[in-house]
K.L.:
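One structure is given below, represented as structure tokens, and several questions about it will come after.
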Amino acid sequence: LSFTPTKATIVAHETVSGTGSVTYDLSTNNGSNYQTSLTRGTEITLTNTGGIAILKQNLNGVGAGNTASATDWGLSYY
């Protein structure tokens with residue numbers, strides 16, 4: 001990037017059932033530090049910036065009928 005972003009928003013199409021949930025972990029410094037338990041559509045104030053961004057998707061659901069999925073996901077910087 002030609003600028004250092006200070007904020008970001010996660011975008012995704014999520015489908016959950018039962019007690020299933022989707023969270024995300026974001027690193028903006030090559031995986032050295034992560035901001036965890038993030039949710040889509042929420043403004044994130046970025047910390048530890050200065051490298052490659054890594055966005056991890058956590059699909060949480062245990063037991064029958066408790067599922068989660070997310071498609072078309074990405075990160076919007078600003």
Side-chain angles (χ1 to χ4, degrees):
L1 297 173
S2 60
F3 70 101
T4 301
T6 59
K7 308 263 186 201
T9 302
I10 297 167
V11 293
H13 292 105
E14 298 176 357
T15 304
V16 297
S17 64
T19 60
S21 65
V22 181
T23 59
Y24 301 85
D25 300 337
L26 173 64
S27 171
T28 51
N29 65 350
N30 306 318
S32 294
N33 302 93
Y34 281 88
Q35 292 176 253
T36 60
S37 300
L38 305 171
T39 56
R40 75 176 163 131
T42 302
E43 183 176 83
I44 304 159
T45 299
L46 300 175
T47 60
N48 300 306
T49 59
I52 295 172
I54 301 170
L55 182 62
K56 293 182 181 180
Q57 191 180 80
N58 305 302
L59 304 175
N60 310 300
V62 177
N66 301 313
T67 62
S69 67
T71 60
D72 305 320
W73 53 279
L75 191 62
S76 176
Y77 282 120
Y78 46 99

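This is a predicted model, so every value here is computed, not measured. FYI, side chains are in, hydrogens and waters are out, and symmetry mates aren't considered; it's all heavy atoms of this structure.
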K.L.:
Shortest non-hydrogen contact from Ala8 to Leu46?
P.N.:
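Scanning both residues completely, I find the closest heavy atoms to be CB-CD2, 3.9 Å.
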K.L.:
Apply side chain to side chain donor-acceptor pair (under 3.5 Å) to Thr39 and list each qualifying residue two or more places apart in sequence or on a separate chain.
P.N.:
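Thr42.
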K.L.:
First locate atom OG1 of Thr9, then atom CD of Glu43, and finally report the distance between them rounded to the nearest 0.5 Å.
P.N.:
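With rounding to 0.5 Å, OG1 (Thr9) is 6.0 Å from CD (Glu43).
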K.L.:
List the atom of Gln35, the atom of Thr47, and the distance in Å for their closest heavy-atom pair.
P.N.:
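It is OE1-N, 3.1 Å.
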K.L.:
To the nearest 0.5 Å, tell me how far Arg40 CZ sits from Ser76 OG.
P.N.:
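It is 14.5 Å, given to the nearest 0.5 Å.
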K.L.:
Is the backbone of Ile52 close enough, under 3.5 Å, to the side chain of Asn30 for a donor and an acceptor to pair up by distance?
P.N.:
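Checking the backbone N and O of Ile52 against the side chain of Asn30, a donor-acceptor pair under 3.5 Å is found.
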K.L.:
I need the minimum non-hydrogen distance between Leu59 and Ala70, along with the two atoms involved.
P.N.:
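Taking every non-hydrogen atom into account, CD2-N, 4.1 Å.
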K.L.:
Just so I know, are the side chains of Thr45 and Lys7 near enough to count as touching, which here means a heavy-atom distance under 4.5 Å?
P.N.:
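In short, these two side chains touch, coming nearer than 4.5 Å.
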K.L.:
So, for Ser27 and Gly31, which heavy atoms are closest and what is the spacing to 0.1 Å?
P.N.:
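Shortest heavy-atom contact: OG-N, 2.8 Å.
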K.L.:
Just how far is it from atom OH of Tyr77 to atom OG1 of Thr6, taken to the nearest 0.5 Å?
P.N.:
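The OG1 atom of Thr6 is 11.5 Å from OH of Tyr77, to the nearest 0.5 Å.
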K.L.:
To the nearest 0.5 Å, how far apart are CG in Leu38 and CD1 in Ile44?
P.N.:
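It comes to 4.5 Å.
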K.L.:
Donor-acceptor pair, Asn66 side chain versus Thr19 backbone, under 3.5 Å?
P.N.:
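Between the backbone of Thr19 and the side chain of Asn66 there is a qualifying donor-acceptor contact (under 3.5 Å).
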K.L.:
Kindly write out the residues that satisfy side-chain contact (heavy atoms from CB on, under 4.5 Å) with Val11, not counting sequence neighbours, or none if the list is empty.
P.N.:
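Testing Val11 for side-chain contact (heavy atoms from CB on, under 4.5 Å), a comparison that skips the adjacent residues, returns none.
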K.L.:
Trp73 pairs by side chain to side chain contact (heavy atoms under 4.5 Å, CB included) with which of His13, Glu14, Gln57?
P.N.:
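With Trp73 as partner, His13, Glu14, Gln57 yield a single side chain to side chain contact (heavy atoms under 4.5 Å, CB included), made by Gln57.
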K.L.:
Distance check, rounded to the nearest 0.5 Å: Leu26 atom CG versus Ile54 atom CD1?
P.N.:
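Between Leu26 CG and Ile54 CD1, I get 9.0 Å after rounding to 0.5 Å.
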K.L.:
Hey, are Ser37 and Thr23 close enough side-chain-wise for a donor-acceptor pair under 3.5 Å?
P.N.:
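Side chains of Thr23 and Ser37: no pair found under 3.5 Å.
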K.L.:
For Ala68 versus Val16, what's the shortest heavy-atom pair and its separation?
P.N.:
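Scanning both residues completely, I find the closest heavy atoms to be CB-CG1, 3.9 Å.
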